[in-house]
Amino acid sequence: MMDVVYHEEYVRNPRGVQLFTCGWLPPASSSPPKALVFLCHGYGMECSDFMRACGIKLATAGYGVFGIDYEGHGKSMGARCYIQKFENLVADCDRFFKSICDMEEYRNKSRFLYGESMGGAVALLLHRKDPTFWDGAVLVAPMCKISEKVKPHPVVVTLLTQVEEIIPKWKIVPTKDVIDSAFKDPVKREKIRKNKLIYQDKPRLKTALELLRTSMDVEDSLSEVTMPFFILHGEADTVTDPEVSRALYERAASTDKTIKLYPGMWHGLTAGEPDENVELVFSDIVSWLDKRSRHWEQDERARTPPEPENKHRQAATTKITRVTSSSGGTESQRRGSCLCGLGGRPHQQQCRM
């Protein structure tokens, strides 16, 4: 496998919270990225380790890939997995992703969102925030609607809402072990469990309520989705319901939409399945992206969308302060920063987002 160029960097959001960002670019000897892909990770997850394989695979396929750990997640600062307001996560992603798109060398590139699980909701809300900005989204087992199987009783929600401002960070929400339920391959499952950057405790009260409200909000606006998208979902997923993805596919107004359900696969399609399944999933993702990256016209955003592939049953202006930059090793030293800073040494720099 060709070496890709990796870079990581910290930024501060308008609330003063230091956030971790990273990026993977095609090998320095190859052509410039054919398009940009922006990673929206799942609840409790992070980009630099858990989504590293995703970044490498897409960069090897010729894409510029960029990720950010949400506040309270991964290497970013903040109370662990405490989501005070879901919109804050969306706004942070919007600022950072657009700061990359605004860089001179990337302004004429197609830009795609990539959301896994809760990150699917982030991607859909980013699209709603700026409906014409994104060229499409890859949604892997997205959290876009609360399944009737797990939706809490309204009385329970009312009781929890009454105390959320009193004990917002309390870890009192009962939940099953998601890692056991999400990742099929036992070796990969244990590797994920040993990742100290992944949150594995009970959800905090306000976090759980924010996730519930966000899911209901996204569900109510599925018909407003207009961008091209590709949904991938394991039919044996018990974390997010495949029928929920089917609802998104059926209700979205997008004219270019694709869904593929994988028989026997679980929630963690890209990190928890046997290698041959993971390769199949990424092959499908790259194929979808490749077809939609060819339609870019210089200084023109209008492109003719390809025919949908409905495969139901087949196997900016806000400023941000960059507070430090960490060299990604020999690979990143071969090339300057893929973000706004100068690779390889700490610095502070104002960057338009």
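Note that the coordinates shown come from a computational prediction; the quantities given were computed from them, not determined experimentally. All heavy atoms count here, side chains included; hydrogens, waters and symmetry mates do not.
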Original post:
Judged by atom type as modelled, is there a donor-acceptor pair below 3.5 Å linking the side chain of K184 to the main-chain atoms of G264?
Top reply: yes
Subject >> Partner of L124 under side chain to side chain contact (heavy atoms under 4.5 Å, CB included), chosen from T214, D217, L139 >> reply: L139
Subject >> F229 side, atom CZ; H127 side, atom NE2 - distance, nearest 0.5 Å >> reply: 9.0 Å
Subject >> Backbone of E279 reached by a side-chain donor or acceptor of S283 within 3.5 Å >> reply: no
Original post:
What residues form a side-chain hydrogen bond (donor to acceptor under 3.5 Å, both in side chains) with D220, not counting sequence neighbours?
Top reply: none
**OP:** Would you confirm whether the ring centroid of H41 sits within less than 6.0 angstrom of the ring centroid of F50?
**Re:** no
Original post:
Do you know which two heavy atoms are closest between P33 and Y106, and how far apart they sit?
Top reply: CG-CE2, 4.2 Å
**OP:** Please report the C-alpha distance between D290 and Y63 in whole Å, then the side-chain angles of each, then the deciding distance to 0.1 Å, and finally whether the side-chain contact (heavy atoms from CB on, under 4.5 Å) criterion is met.
**Re:** CA-CA 10 Å; D290 282 349; Y63 291 90; 2.6 Å; yes
Subject >> Taking every non-hydrogen atom, the tightest pair across C22 and C47 >> reply: SG-CB, 3.8 Å
**OP:** Decide salt bridge (charged side-chain N to carboxylate O under 4.0 Å, His left out) for R246 and D241; before the verdict, give the C-alpha distance in whole Å, the side-chain angles of both, and the deciding distance to 0.1 Å.
**Re:** CA-CA 9 Å; R246 214 187 286 269; D241 192 341; over 6 Å; no
Original post:
Sub-3.5 Å donor-acceptor pair from the side chain of T207 to the main-chain atoms of P203, do we have one?
Top reply: no
Original post:
Does the side chain of E224 come within less than 4.5 Å of R128's, by heavy atoms?
Top reply: yes
Original post:
Does the K34 side chain pair with the main chain of A61, one donor and one acceptor, at a distance under 3.5 Å?
Top reply: yes
Subject >> Polar side-chain atom of H73 near backbone of C81 as donor-acceptor pair, under 3.5 Å >> reply: no
Original post:
Is there a side-chain contact between K188 and D275 (heavy atoms, below 4.5 Å)?
Top reply: yes
Original post:
When clusters are formed by joining ILVMFWY residues with side-chain heavy atoms under 4.5 Å apart, either directly or through shared neighbours, do L113 and V90 land in the same one?
Top reply: yes
Original post:
Can you find a heavy atom in the side chain of W24 that is under 4.5 Å from one in the side chain of C54?
Top reply: no
**OP:** Classify the side-chain pair E46/S48 by whether it contains a donor and acceptor separated by less than 3.5 Å.
**Re:** yes
Original post:
Do other residues, nucleotides or ligands put more than 12 heavy atoms under 6.0 Å from the NZ atom of K191?
Top reply: no
**OP:** Taking only Lys NZ, Arg NE, NH1 and NH2, and the carboxylate oxygens of Asp or Glu, determine whether K98 and D130 approach each other closer than 4.0 Å.
**Re:** yes
Original post:
Would you call R15 and E71 a salt bridge, using N to O less than 4.0 angstrom?
Top reply: yes
Original post:
Between M227 and F133, is a side-chain contact (heavy atoms from CB on, under 4.5 Å) present by the stated rule, with each step listed?
Top reply: CA-CA 9 Å; M227 67 176 168; F133 187 82; over 6 Å; no
Original post:
Within the side chain of K257, is there an N or O that forms a donor-acceptor pair under 3.5 Å with the backbone of Y249?
Top reply: yes
**OP:** Compare every heavy atom of L58 with every heavy atom of Y114, then report the nearest pair and how far apart it is.
**Re:** CD1-CD1, 4.5 Å
Subject >> Worked check of side-chain contact (heavy atoms from CB on, under 4.5 Å) between M216 and R213 >> reply: CA-CA 5 Å; M216 296 171 68; R213 292 172 185 138; 5.7 Å; no
**OP:** Might you work through the side-chain contact (heavy atoms from CB on, under 4.5 Å) test for I259 and L232, ending with a clear yes or no?
**Re:** CA-CA 6 Å; I259 185 170; L232 306 90; over 6 Å; no
Original post:
Just wondering, do V244 and C144 contact through their side chains at under 4.5 Å, heavy atoms?
Top reply: yes
**OP:** Decide side-chain hydrogen bond (donor to acceptor under 3.5 Å, both in side chains) for H267 and S117; before the verdict, give the C-alpha distance in whole Å, the side-chain angles of both, and the deciding distance to 0.1 Å.
**Re:** CA-CA 8 Å; H267 183 70; S117 197; 3.1 Å; yes
**OP:** Using side-chain hydrogen bond (donor to acceptor under 3.5 Å, both in side chains) as the criterion, list what pairs up with R80, not counting sequence neighbours.
**Re:** none
**OP:** Verify the neighbour count for atom NZ of K85: are there more than 12 heavy atoms of other residues, nucleotides or ligands below 6.0 Å?
**Re:** no
Original post:
Do T21 side-chain atoms and I68 backbone N/O form a donor-acceptor pair below 3.5 Å?
Top reply: no
**OP:** Evaluate the side-chain proximity of K260 to D284: yes if any heavy-atom separation is below 4.5 Å, no if none is.
**Re:** yes
Original post:
Which class fits the ring pair W134 and F97: parallel under 30°, tilted 30 to 60°, perpendicular over 60°?
Top reply: perpendicular
Original post:
Do you reckon W266 sits in the same ILVMFWY cluster as Y262, going by side-chain contacts under 4.5 Å, direct or chained?
Top reply: no
Original post:
L280, V278: one ILVMFWY side-chain cluster at the under-4.5 Å cut-off?
Top reply: yes
Subject >> For H233, side-chain hydrogen bond (donor to acceptor under 3.5 Å, both in side chains) partners two or more places apart >> reply: D237, T240, S245
Subject >> Atom of T258, atom of R292 and distance for their closest heavy-atom approach >> reply: OG1-NH2, 4.2 Å
Original post:
So does R204 pair up with E210, basic N to acidic O under 4.0 Å?
Top reply: no
**OP:** Return yes if some donor-acceptor pair links the side-chain N/O of R111 with the main-chain N/O of L36 below 3.5 Å, else return no.
**Re:** no
**OP:** Show your reasoning for whether side-chain hydrogen bond (donor to acceptor under 3.5 Å, both in side chains) applies to S76 and Q18.
**Re:** CA-CA 6 Å; S76 291; Q18 185 170 294; over 6 Å; no
**OP:** Using the ring-ring contact (aromatic ring centres under 6.0 Å, His included) rule, pick out the option among F112, F96, Y6, F38 that qualifies with F66.
**Re:** F38
Original post:
Is Y70 reachable from Y82 through a run of hydrophobic residues whose side-chain heavy atoms are each under 4.5 Å from the next?
Top reply: no
Subject >> Pairwise side-chain contact, M118 with I83, heavy-atom cut-off 4.5 Å (strictly under) >> reply: yes
Subject >> Geometric class of the F20/Y10 ring pair [parallel <30°, tilted 30-60°, perpendicular >60°] >> reply: perpendicular
Original post:
If two hydrophobic side chains count as joined below 4.5 Å and joins carry through other members, does L197 share a cluster with Y43?
Top reply: no
**OP:** For Q200 and N195, run side-chain hydrogen bond (donor to acceptor under 3.5 Å, both in side chains): C-alpha distance rounded to whole Å, both residues' side-chain angles, the deciding distance at 0.1 Å, then the answer.
**Re:** CA-CA 10 Å; Q200 300 176 43; N195 182 345; over 6 Å; no
**OP:** Taking only Lys NZ, Arg NE, NH1 and NH2, and the carboxylate oxygens of Asp or Glu, determine whether R95 and D102 approach each other closer than 4.0 Å.
**Re:** no
**OP:** Considering non-hydrogen atoms only, spot the tightest contact between V4 and L25 and give its length.
**Re:** CB-O, 3.3 Å
**OP:** Tell me, with the steps shown, if D49 and K75 meet salt bridge (charged side-chain N to carboxylate O under 4.0 Å, His left out).
**Re:** CA-CA 10 Å; D49 191 348; K75 296 179 181 179; over 6 Å; no
**OP:** Starting at CG of L125, measure out to CD of E87 and round the result to the nearest 0.5 Å.
**Re:** 7.5 Å
Original post:
Minimum heavy-atom separation for K206 to Q84, with atom names?
Top reply: CE-O, 3.1 Å
